[in-house]
Number of protein chains: 2
Amino acid sequence: MTTLITNATLLPCTPDMPVVEGGWLRIDGETITATGAGLAPQVAGAEVVDAGGGVVMPGMVNPHCHMAMTLFRGLGEDVDDRLYRYVLPMERKFVTPQMVRAGTALAALELIEAGVTTVADMYYFETEVGRVVDKAGIRGVVGQTIADFNPPDHKTIDEGFALTEELVAEFAGHSRVTASIAPHAPYSTDIAVMNLVARWADDHPDVPVQIHLAEMDSEMEWCAKNHNMRPVEVVEKAGLLRKGLICAHCLHINDSEIERMAHAQVCVAHNARSNAKAGRGIAPVEAMRAAGIPVGVATDGPMSGNTLDLFSQFAPVTMFQKLAGHSRKPMPAKEVIRMATIEGAKVLGMDGRVGSLEPGKQADLIRIDMSAPRVQPIYDLYSTLVFASMAVDVQDVMVAGQWLMRGREVKTLERRKVMRDALQVAAEFKAEMARIDAAG
Amino acid sequence: MTTLITNATLLPCTPDMPVVEGGWLRIDGETITATGAGLAPQVAGAEVVDAGGGVVMPGMVNPHCHMAMTLFRGLGEDVDDRLYRYVLPMERKFVTPQMVRAGTALAALELIEAGVTTVADMYYFETEVGRVVDKAGIRGVVGQTIADFNPPDHKTIDEGFALTEELVAEFAGHSRVTASIAPHAPYSTDIAVMNLVARWADDHPDVPVQIHLAEMDSEMEWCAKNHNMRPVEVVEKAGLLRKGLICAHCLHINDSEIERMAHAQVCVAHNARSNAKAGRGIAPVEAMRAAGIPVGVATDGPMSGNTLDLFSQFAPVTMFQKLAGHSRKPMPAKEVIRMATIEGAKVLGMDGRVGSLEPGKQADLIRIDMSAPRVQPIYDLYSTLVFASMAVDVQDVMVAGQWLMRGREVKTLERRKVMRDALQVAAEFKAEMARIDAAG
C-alpha cells in the first residue's frame, strides 16, 4: 500500500529545520520511502492526498503525561488544599482499571485531535494504558509507577515490580507500545527502591525508565533533610542517573548537575505550563540544551496542566526562557518545534524511528491547516506554529502509515462512547466532591 | 425586536461572578432587559435561541491593540534587529489609509471570531480604523497616535492634533465607536507634547487618552537620562496622570507609583504575552489590582503578541503572577475572566454600558461551545475557560443586540475579500523584505 502526499509545505524537522514549499512525501506500508519538492512521482495504485498547501510535519511527541488524569482536569482548581482534600483520597478510592481505561481513552482522543502521535505516560494499572494506546493507534511509552506511598495499584514494591513484569510481557515486541518502569520521584521511592529499579533496569536494558525529578521545593527539603543532598544527587547515589533516563521537570538543578546529567546522558521532559501554574519556577531549558541534554515539550497530566496538546505549551516554553534571560533572543520558534518533534523523540530514545520526515522512518505525520485569519499572513512559518496556530488546526494524523484522523474525524476511537465513559466517571467524582465538602 | 436566549450556562460577570445553570436572557433592541434561571418567559414574536447548555458570557474586552499590525504578524520573528531592519522602514513606506483598512479588517475578523466585542486601538490614520470597526459591528476606542518621531501620518504635532479633531468629528455621538487620543509614550512624546495633550484633553473630557507606559528598559534609561525621573513621574509632571488614562504595559512601576496611579484613578491594559515575548518582565498585576487599579487583559499588536484573542492570554496572565509569587495562589481563574470582561470595560470607562450581562446593559455577548473532549470534564467552569478553552470554541457573537457571528460565520465582514486585501499587502511586504535582505 502506497500513499503519496503532494502539494505540502513540508517541515521534515531534519537538523537544518528546512521549510520545503511544494513538497511531496511517499509512504509504503508504515514507512516513509521518499520525500521531495516539485513534481511528485507517479505510483500506480497509490492513494494520492493533496495537502492543499498545508503544513505536513512529524507527529508531535509529548514525553511526560498522566493520561488517565484527564478525569481530574481542573478539579478543585484554585482550592488551596485540593491535593489532600480531593485528589489523593479520590485516587485511592476511584483509580481502577476501568477508570484508567476511561481517562486514557479521553486523553488519546485529545492527543490525536492535537496531532500528538507519541506520548510517554506514567500512572497506575499501566497495562490498561498500553491497551488503550494500542487501540487508539498512537505510540506510547507506558510507564508503570513504582512508589512507596501506597498507590492505588500496589501495596508493596514487589507488587509494583510484578505489575511491571506483566506490562513488559504483554507488550513485548509491540511495534507502537513500549513498556516502561516509572519510579515516582526521589522523595516517594527513596534510594533503596530506586536502587532496586536500577538493578531491574540492568536486566531489562530495553525498558525505558521515567522519573519525576527536581520539581518541587518540598522535594528539595526532603532530600536535604533525609540525605543532606539535592534530588539529582539522590538519584545518582541510587545508581539511576543513567543513559536514557527520562527525567520530568528538572526545575531545581544547578550548573554542576546539568553537567553531570549531560555526562550521564539522561533526557528531560519539560512541563512549562504545569510548572508555572504551580508557581514553581522556570526550568533552565536553554542551559540543559546547551549542555547537550535533549529536552522535549511535555504537558504533564491534565490535573496539573489541563490540556495535552503541545501548541498551548509552545508560547509558554519560549516566553519563560525569554523572561528568565531578560531578552527576546532565547529559544527561537524553530527550536520549540524541534523540541516538539525530533528532540522529543530523542528524549524517548525513539529518534531513530520517528520525530522527522525522512526515508526509512516510520510514517508518523500530521497535516495542519493554515488558512484561518488568525494565523495570516505568514512570514515565518515556525513563528506562526509557535505563537498563532492552535491544536484544532491539525486536520489529519497518520501513525505508521495509518490514518488516525482525517478532516478532524478520529477513526480509531468512538468519540461518543469515549465521552460517555469519561463523563460517567466524572459524575462519580462530582458526587464524591460534594460528600467531601458536606463533611467540611 | 426581542431575542430570548435559553438553556444557557450564564456567566453574567457581576461582582460575585456566579455561574447560572439553565439560564436565560432577554434582549430588546440593543439592550439586555432581563435574565434569569429556569423557565424562560414567553414573548410573542421573539427570536428564541437555544444555547444548548453552552456558556453565554459578556463579549470580551481587549483594551490595548494595534489592529492594522496584523499585516506584520510574525514578520522577522527571531531576527535580532527586526524593528530597525524591517518594521520601522516598512511602516514609513507602507502605512497608508488603504493598508490600515486592510490590516484593521483582518483584525476585526479575528476579534469577532475570538469573541472580543470591544477593542481599544492605537495606530495611524485612525479615522480609517473607526470606519472598519463601525462596519464590523464591534465596539472600538480608536486612538489617533501623537508622536514626534515622524510617524507615517503626521509630520508635526499640530498635524497629529488635526487628525485627532477629524476623528472626533467623524465619530461624535457614534454608539459604538469612541474617538480617542494616544500620545505614544513618554520617550516619544516627551513632557511638552504630553502637556499639550493634557490641555487638549481638558477641553475634550469625553475623549479617552491612551499611552504606552513603563514598558521598556530603554524607556527607563531615557527618562532617567533626560529628566532624572521614572516614566510614571514624567507622565505625572506632564499633567497626564489623570482619571481614566489608559496605560498600556506598566511593567516597571514600584509600590509608590502604584499608589499614585491608584490615587490618580488611571487604568491599565496588561499585555502578558507581548511583554514576555520580548523578555521584558512580568507586570505587577496583583499589586495593581490590590491597590484598586482596574487591569484588563490585552493582546498588544500582532507584531508583538501575534494573536488578538484573549483565550491565548489567559494562561500566561495567571501563570506569570503565580511564577512571580512563587505560589499556586495568585490570580484564580475567576479573576482572569473578570479582567477580560467587566474589569476590561472599566479600563475603557465603559463598564456602565458593557462588560456584564445585566438588565439595562448593552447586549454584547458570546456563546462558547464546551463539548470538545479537550475541555471535558468540567468541574470548575472558570478553570476550563482559562486553561482549556480556545478562541475557536466561540460560536456566536452579539453586539448591541445584533449577531455579528452565528455558528462561527461572521456576518458583517466578507471573509474572502478581507483575506485577499490582507494577503495583497503581505505580498508587498515580502517583496520589500527580500529587497532589504538583498541590500544586506
Side-chain angles (χ1 to χ4, degrees), chain A residues 70-71 73-78 80 106 109-110 113-114 273 276-282 305-309 312 315-316 318-320 322-323 325-330 332-334 372-380 382-384 387-388 390-392 415 418-419 422-423 426 429-430 433, chain B residues 70-71 73-78 80 106 109-110 113-114 273 276-282 305-309 312 315-316 318-320 322-323 325-330 332-334 372-380 382-384 387-388 390-392 415 418-419 422-423 426 429-430 433:
Chain A
T70 44
L71 298 177
R73 194 198 307 274
L75 187 154
E77 195 94 68
D78 296 318
D80 266 5
L106 181 61
L109 192 56
E110 183 181 348
E113 290 189 346
R273 274 174 55 131
K277 269 194 70 189
R280 293 197 174 118
I282 295 173
N306 303 66
T307 53
L308 303 182
D309 83 274
S312 59
T318 177
M319 287 192 299
F320 293 163
K322 293 175 197 302
L323 278 173
H326 201 58
S327 158
R328 194 184 280 280
K329 290 187 189 173
K334 193 184 281 186
R374 65 188 150 74
V375 306
Q376 290 285 345
I378 298 171
Y379 298 100
D380 174 331
Y382 289 108
S383 163
T384 305
F387 294 112
M390 295 182 189
V392 293
R415 188 188 174 107
V418 169
M419 292 292 280
L423 294 181
F429 283 15
K430 284 178 193 176
M433 288 175 77
Chain B
T70 44
L71 299 175
R73 193 196 310 272
L75 188 153
E77 195 93 70
D78 295 318
D80 266 5
L106 181 61
L109 193 54
E110 184 181 350
E113 291 190 344
R273 275 174 55 130
K277 269 193 70 189
R280 293 197 175 120
I282 295 173
N306 303 66
T307 54
L308 303 183
D309 82 275
S312 58
T318 175
M319 289 192 299
F320 294 163
K322 292 174 196 304
L323 278 173
H326 199 59
S327 158
R328 194 185 280 282
K329 291 187 191 174
K334 194 183 283 186
R374 64 188 151 74
V375 306
Q376 289 288 343
I378 298 172
Y379 299 99
D380 173 332
Y382 289 108
S383 163
T384 305
F387 293 113
M390 295 182 190
V392 293
R415 188 187 174 104
V418 170
M419 292 293 280
L423 294 180
F429 282 16
K430 285 178 192 176
M433 287 174 77

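First the proteins, then the strands, lettered A, B, ... as listed; each starts at 1. Worth saying up front: this structure is predicted, and the values here are computed from it rather than measured.
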Legend entry - Check ion pair K329(B)-D80(A) (N to O, under 4.0 angstrom):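 Yes, K329(B) and D80(A) are salt-bridged.
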
Per-residue contact mode, [X] against chain A (heavy atom under 4.5 angstrom):
X       : result
L308(B) : neither
V418(B) : neither
F320(B) : side chain
L323(B) : both
L423(B) : side chain
P332(B) : both
A278(B) : both

What residue in [options] has the most heavy-atom pairs under 4.5 Å with chain B?
options                            : result
R415(A), M433(A), Q376(A), K430(A) : Q376(A)
M419(A), R374(A), E110(A)          : R374(A)
S312(A), P373(A), A276(A), G74(A)  : P373(A)

Inset, instruction - Write down the atom of D309(B), the atom of M390(A), and the distance for their closest heavy-atom approach. - result: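 Between these two residues, the closest heavy atoms are OD1-CE, 4.1 Å.
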
Side chains of [X] and [Y]: closer than 4.5 Å at any heavy-atom pair?
X       : Y       : value
F387(B) : K277(A) : yes
D78(A)  : S383(B) : no
K322(A) : R280(B) : no

Inset, instruction - To the nearest 0.5 angstrom, please state how far the NZ atom of K334(A) sits from the CD atom of E77(B). - result: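 The NZ atom of K334(A) sits 12.5 Å away from the CD atom of E77(B).
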
Legend entry - N/O donor-acceptor pair under 3.5 Å between Y379(A) side chain and L71(B) backbone: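 At least one qualifying donor-acceptor pair exists.
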
